[in-house]
Amino acid sequence: MLYYLYEYLTAHGIHIPGLGMLKYISFRAGMAVLLSLTIALVYGKRIINYLRAKQMGELVRDLGLDGQKQKEGTPTMGGLIIILATLIPVLLFTRITNIYIVLLIVTVIWMGAIGFLDDYLKKVKKNKDGLSGKFKIVGQVGLGLIIGVTMYFHPDITVKRKYADAKVVNRNNVEQNFMPTEKITVSTVPFAKNNDLE
């Protein structure tokens, strides 16, 4: 939202000192990280205390394992902290029309809804098993299919690869080191030398 505020003010000739930093993705990413940490550290403790006061703690079955009783009383809806610490900075500092951001928001809300439903069934409906594993898997696979189909058909999801020939490297114009963007089904395996899978 702040990025769009910057664009709106600039388009109308209003210049606020320092607001120009919002056009840089590195600045927005840094601010999003700082805001996320602040939300998790400052409000996380308050949310945990509130959930404990409402007796939303985890009940642990005695299986005779070491340290399992330490989890007793841990708030079941603690994922709310992660959701807030992710969505608030994303909504404030990103370009929300970007398809990758849309997929991130849908994923966080979707998985948060599955977690909330599980915790709701455990605490409010007194169903100790919560949401069955079958429904959790269906929800996750359904989300995976939605994301996969979107990535396959959306025109803005393209790949930009470097030229394989090392002689092409141009330090003055980095764009010349990359091939034109293309719509292909390629995946990347991290921490591997030749990591493109087609």
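- Here OG1 of Thr10 is found 8.0 Å from CD of Glu7. Values are rounded to the nearest 0.5 Å.
- Side-chain contact between Leu87 and Ile109: present, with at least one pair of heavy atoms (C-beta onward) separated by less than 4.5 Å.
- No chain of hydrophobic side-chain contacts below 4.5 Å, direct or via other Ile, Leu, Val, Met, Phe, Trp or Tyr residues, connects Val149 to Ile99.
- Cluster membership check: Val186 does not share its hydrophobic cluster with Leu103, using side-chain heavy-atom separations under 4.5 Å among Ile, Leu, Val, Met, Phe, Trp and Tyr.
- Between the CD1 atom of Ile83 and the CD1 atom of Ile88 there is a distance of 11.0 Å, given to the nearest 0.5 Å.
- Atoms CZ and CD1, from Arg95 and Ile101 in turn, are 10.0 Å apart once rounded to the nearest 0.5 Å.
- Between atom CD of residue Gln140 and atom CZ of residue Phe135 there is a gap of 14.0 Å, rounded to the nearest 0.5 Å.
- Leu131 and Asp118 make their closest contact through N-OD1, 2.8 Å (heavy atoms, listed as atom of the first residue, atom of the second, distance).
- To the nearest 0.5 Å, the span separating OH on Tyr152 from NZ on Lys183 amounts to 8.5 Å.
- Through chains of ILVMFWY side-chain contacts below 4.5 Å, Ile137 is grouped with Val141, Leu145.
- Contact detail for Ile96 and Val102: the closest heavy-atom pair is O-CG2, 3.4 Å.
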Which pairs would a plain distance check flag for residues 17-45, meaning a side-chain donor or acceptor within less than 3.5 Å of a matching protein atom at least two apart in sequence or in another chain?
| residue | atom | partner | partner atom | Å |
| --- | --- | --- | --- | --- |
| Arg28 | NE | Leu22 | O | 2.7 |
| Arg28 | NH1 | Phe93 | O | 3.3 |
| Ser36 | OG | Ala85 | O | 2.8 |
| Thr38 | OG1 | Leu34 | O | 2.8 |

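- Each of Ile82 and Ile105 belongs to its own hydrophobic cluster when Ile, Leu, Val, Met, Phe, Trp and Tyr are linked at side-chain heavy-atom distances under 4.5 angstrom.
- Looking at His154, its side chain does come within 3.5 Å of a backbone N or O of Asp156 through a donor-acceptor pair.
- In this structure, Met151 CE and Thr158 OG1 are separated by 10.5 Å, a value rounded to the nearest 0.5 Å.
- Taking every heavy atom of both residues into account, Tyr4 and Thr97 meet most closely at OH-OG1, 3.0 Å.
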**OP:** Please lay out, stage by stage, how Ile14 and Tyr8 fare under the test side-chain contact (heavy atoms from CB on, under 4.5 Å).
**Re:** CA-CA 9 Å; Ile14 302 169; Tyr8 175 81; 5.8 Å; no
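- Applying the salt bridge (charged side-chain N to carboxylate O under 4.0 Å, His left out) criterion to Lys134, with sequence neighbours excluded, gives no partner residue.
- Crowding of Ile114 atom CD1: a count of heavy atoms from other residues, nucleotides or ligands under 6.0 Å exceeding 12.
- Ile146 and Leu117 fall within a single hydrophobic cluster, where Ile, Leu, Val, Met, Phe, Trp and Tyr side chains are chained together by heavy-atom contacts under 4.5 Å.
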